[in-house]
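Down below is the structure, laid out as structure tokens.
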Amino acid sequence: MRLLVLAVGTRMPDWVTIGWQEFARRLPRECPLELHEVKAEPRTSGKPPAALMTAEAERLRAALSARRRLVVLDERGDDLSTRQLAQRLEKWQGEGDDVVFLIGGPDGLDPTLKAEAHERIRLSSLTLPHAMVRPLLAEALYRAWSLSHNHPYHRE
Ligand SMILES: C[S@@+](CC[C@H](N)C(=O)[O-])C[C@H]1O[C@@H](n2cnc3c(N)ncnc32)[C@H](O)[C@@H]1O
């Protein structure tokens, strides 16, 4: 199983890239965590947020492969404990599909993408900056993997 994070926005600040890499590189070869970025629509275009999100959704869809489980990161999604996330990862691994985690841009994700997703999860009830979600998600996935594999990073 591959874990792919598909995110709106390129040219992230260094702290985002460093934070992402810090955790993504810890995942083992049999469960790699990869990042794929699509361009955000320029916020200077004067387009309304819905039009910006539609354009970004087209780019996200173009980057999606056919056989994958789609998980949307959304502040209104389901709350998962680390154990629940670990159980999800184990289940997805058993099903054999790659898992794609979608992170929206500054205005969020187009509602049609949210509707298409198999799951919607949140990392907090707070609205987080989209850039910050990347390292937080990488850490959460590494922690969940650690729990499943009895790795000292997270044991219960
Ligand atoms: C600034 S937020 C967009 C907020 C926007 N008002 C909305 O309704 O989605 C940008 C992206 O970051 C992610 N995000 C923000 N807060 C999150 C949270 N608490 N949990 C999970 N993902 C979050 C989502 O993917 C969202 O599309």
Side-chain angles (χ1 to χ4, degrees), residues 1-24 26-27 31-65 68-92 97-148 153-154:
M1 172 180 66
R2 278 186 325 149
L3 303 176
L4 177 68
V5 173
L6 184 51
V8 176
T10 52
R11 294 195 308 217
M12 290 292 120
D14 286 351
W15 63 265
V16 173
T17 308
I18 291 166
W20 163 268
Q21 287 170 348
E22 174 62 31
F23 295 103
R26 299 189 195 191
L27 269 298
C31 185
L33 176 60
E34 295 163 18
L35 175 67
H36 185 109
E37 298 173 318
V38 302
K39 252 180 58 192
E41 271 299 281
R43 261 50 195 174
T44 48
S45 65
K47 292 182 192 164
L52 299 171
M53 288 190 286
T54 303
E56 289 165 354
E58 280 170 23
R59 290 185 194 127
L60 290 168
R61 276 208 185 83
L64 280 173
S65 60
R68 77 302 186 258
R69 172 160 290 274
L70 194 57
V71 181
V72 154
L73 273 291
D74 181 5
E75 72 210 55
R76 293 172 211 81
D78 295 334
D79 260 327
L80 292 184
S81 65
T82 295
R83 177 163 293 284
Q84 286 169 324
L85 182 58
Q87 287 165 343
R88 290 279 210 295
L89 285 179
E90 288 168 22
K91 177 170 155 285
W92 296 334
D97 288 348
D98 290 341
V99 184
V100 179
F101 296 90
L102 282 188
I103 302 175
D107 292 292
L109 280 166
D110 187 79
T112 58
L113 275 175
K114 290 189 193 181
E116 281 168 35
H118 297 96
E119 319 222 10
R120 283 182 297 281
I121 62 172
R122 68 171 164 211
L123 300 175
S124 159
S125 314
L126 299 171
T127 302
L128 303 169
H130 67 292
M132 191 175 278
V133 173
R134 296 181 187 194
L136 287 177
L137 176 61
E139 197 279 341
L141 291 170
Y142 177 61
R143 186 176 291 281
W145 177 88
S146 299
L147 176 56
S148 292
Y153 186 73
H154 186 99

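Numbers here are sequence positions counted from 1. All ligand and atom numbering here is 1-based and tracks the order in the structure.
- For P129, the side-chain contact (heavy atoms from CB on, under 4.5 Å) partners two or more places apart in sequence, or in a different chain, are M132.
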Are there any protein N or O atoms under 3.5 Å from the N or O atoms of ligand 1? List them with distances, or say none.
| unit_1 | atom_1 | unit_2 | atom_2 | d |
| --- | --- | --- | --- | --- |
| ligand 1 | 8 (O) | R76 | NH1 | 3.3 |
| ligand 1 | 8 (O) | R76 | NH2 | 2.8 |
| ligand 1 | 16 (N) | L128 | N | 2.9 |
| ligand 1 | 19 (N) | S124 | O | 2.8 |
| ligand 1 | 19 (N) | L126 | O | 2.7 |
| ligand 1 | 20 (N) | L123 | N | 2.9 |
| ligand 1 | 25 (O) | L73 | O | 2.6 |
| ligand 1 | 25 (O) | G104 | N | 3.0 |
| ligand 1 | 27 (O) | G104 | N | 3.4 |

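- One side chain, R143 or H154, offers a donor N or O that lies under 3.5 Å from an acceptor on the other.
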Donor-acceptor list for residues 101-110 side chains, cut-off 3.5 Å, not counting sequence neighbours:
| unit_1 | atom_1 | unit_2 | atom_2 | d |
| --- | --- | --- | --- | --- |
| D107 | OD2 | R43 | NE | 3.0 |
| D107 | OD2 | R43 | NH2 | 2.7 |
| D110 | OD2 | T112 | N | 3.1 |
| D110 | OD2 | T112 | OG1 | 2.3 |

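- In this view, H130 satisfies the side chain to side chain donor-acceptor pair (under 3.5 Å) rule with no residue, not counting sequence neighbours.
- Counted by atom type alone, E37 and T10 present zero donor-acceptor pairs between their side chains at under 3.5 Å.
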Go through D79 and R122 one step at a time and tell me if the salt bridge (charged side-chain N to carboxylate O under 4.0 Å, His left out) criterion holds.
CA-CA 6 Å; D79 260 327; R122 68 171 164 211; 3.2 Å; yes
